[in-house]
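Since the structure comes first, as structure tokens, the remarks are kept for the end.
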Number of protein chains: 2
Amino acid sequence: MALTDDAIAKIRSMIQSGELPPGTRLPPEPQLAAQMGLSRSGVREAVKVLESARVLDVRRGDGTYVTSLAPRLLLQGLGVAVELLRDDTLLEVMEVRRMLEPMATGLAALRMTDADLDELGQILEDMRAAADDAEKLIQFDTAFHHTVIATTGNETLTSLLDGLSGRTLRARVWRGLIEGNAAHQTIEEHHTIYLALRARDQLLAQASALLHVNTSEAWLRTVLAAKSAGG
Amino acid sequence: MALTDDAIAKIRSMIQSGELPPGTRLPPEPQLAAQMGLSRSGVREAVKVLESARVLDVRRGDGTYVTSLAPRLLLQGLGVAVELLRDDTLLEVMEVRRMLEPMATGLAALRMTDADLDELGQILEDMRAAADDAEKLIQFDTAFHHTVIATTGNETLTSLLDGLSGRTLRARVWRGLIEGNAAHQTIEEHHTIYLALRARDQLLAQASALLHVNTSEAWLRTVLAAKSAGG
DNA sequence: ACTATAGAGACATCGGACGTTTGCCGGCGA
DNA sequence: TCGCCGGCAAACGTCCGATGTCTCTATAGT
């Protein structure tokens, strides 16, 4: 396979080299096809690939544009990749989170504003109020951690951790937590993290985040074991 | 746009649900098209996207198969994404590496075998011998860190860090190092990491890796500043 | 000045045709 | 019996042209 992949590489390279800056509009498909020496079908496949990678933005009836190339866009694909990982590699993902999330939470403790803390407190309240609703728990849990990490101001870091904490993964952990009557304890772990952040205590935030990830990992392990054993 | 994206989602969901395990062969394109209610063109675009994400493996003249879904495949896309990030976000990437790589190196200190250490020593020798060849330095530098991280046995972690340390990024750092006459010092930083690993000293490995990433970040900053200033 | 509408431009999708590669299998020879 | 070789068939790679549909814009009318 060469034609289409060449086209993909060519467009990508033109973007990387700065020849096609963010926001640029690409030539119409027929013209692009002529320019790159292949049919329109091939161009469409190439464009589709780059669109799925959030590199290009295709607007029907208008044209095809280069996206902002923001980390939040380009790293979005990580999430879908993680969703497709097989069960036995999910523990590897947790090990990565175990390394990264505490450090990130520690960093957040240094950079967090009062407004951020208030928002976090609100999410914590919501979480406590939703203690019986698995769906909402997952939602608030996601919001909690996302909010914490986002305060680091590092969009790449935020997108990365968001991707590593996919919805499916979170859902499995919470299923285990709820079935194991450990949901309440886990909510309190969030409170502990919150207190450390409010105290702007980097090391404490780091430690409490590590404990929290460890809990998640333990319950994921339980869920995975139950699945592989019980079917 | 719905038809093609629906097809992508449908195939992905069938894989995620286990309906299409790794190695499965998909129906021929015409049949798949009929089954999903769209033309072959649409199916081809969908398949191409999943192929570019290393989810499907298309063998011309044979058929289309589900890949092993190994982390090293699925996380490969991270590399190309990072390559497309704009200059001002590369520092964010370095901040992530600053958090992750020391932890990973520390973990490696615990899990590294004697054979691993020997291999690492060899790479270090190669690096010293290539002190004048930027191309080789980059190559050995990549090999060094990859080897270290790989000894953690965590393929997800390895793929992630590989992706974050793209070739372009490394090249820029080394350009700065060489032009700033700091290449020798940086090679010695590798030696320091090597010694810590050989001593199986987790904390020392972690600290030396942090210093090393910090050096890289500093030189990247220099290169980026020179670029934005000098044109 | 504002709104409605018509037109042009551009992507979305389709269907079929032909080339090319790969895998498989049967046959031949050592 | 083993291994090499050639041919057949299946499946992907690429192309082409036509039609549907959406978006943007400019024009005309109020």
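By convention in this document, chain letters (A, B, ...) are assigned in the order of the sequence lines, proteins followed by strands, and residues within each chain are numbered from 1.
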Atom CG of B:Leu32 and atom C1' of D:dA11 are separated, to the nearest Å, by 13 Å

Separation of C:dT13 atom P from B:Lys48 atom NZ, nearest Å, is 19 Å

Across all chains, not counting sequence neighbours, the ring pair (Phe, Tyr, Trp, His ring centres under 6.0 Å) partners of B:Tyr194 are none

When rounded to whole Å, the CG to P distance for the pair B:Leu38 and D:dT19 reads 21 Å

Residues passing the side-chain contact (heavy atoms from CB on, under 4.5 Å) test with A:Lys136, sequence neighbours excluded, are A:Ala130, A:Asp133, A:Phe140

For A:Ile178, the side-chain contact (heavy atoms from CB on, under 4.5 Å) test, sequence neighbours excluded, returns A:Ala134, A:Leu137, A:Ala183

As a check of understanding: the bend across the helix from C:dA1-D:dT30 to C:dA30-D:dT1, end axes from five pairs, rounded to 10 degrees, works out to 10°

So the salt bridge (charged side-chain N to carboxylate O under 4.0 Å, His left out) pairs with at least one residue in residues 63-82 of chain A (sequence neighbours excluded) are A:Arg72-A:Glu155

By side chain to side chain donor-acceptor pair (under 3.5 Å), A:Thr156 pairs with (sequence neighbours left out) B:Glu92

- Query: Is a side-chain N or O of A:Arg25 found less than 3.5 angstrom from the main chain of A:Asp62, in a donor-acceptor match?
  - Reply: yes

Every protein N/O lying under 3.5 Å from an N/O of nucleotides 4-11 of chain C:
unit_1 : atom_1 : unit_2  : atom_2 : d
C:dG9  : N2     : A:Gly61 : O      : 2.9
C:dA10 : OP1    : A:Arg25 : NH2    : 3.4
C:dC11 : OP2    : A:Glu29 : N      : 3.1

Sorted by chain and residue number, the side-chain contact (heavy atoms from CB on, under 4.5 Å) partners of A:Glu83 (sequence neighbours excluded) come out as A:Arg167, A:Thr168, B:Gln16

In whole angstroms, the gap separating P of D:dT14 from CE of A:Met36 amounts to 13 Å

Side-chain N or O of B:Thr4 less than 4.0 angstrom from OP1 or OP2 on C:dA12?
no

When rounded to whole Å, the CD1 to P distance for the pair A:Ile8 and D:dT14 reads 10 Å

Applying side-chain contact (heavy atoms from CB on, under 4.5 Å) to A:Met99 and not counting sequence neighbours gives A:Glu95, B:Leu100, B:Met103, B:Ala104, B:Leu107, B:Leu157

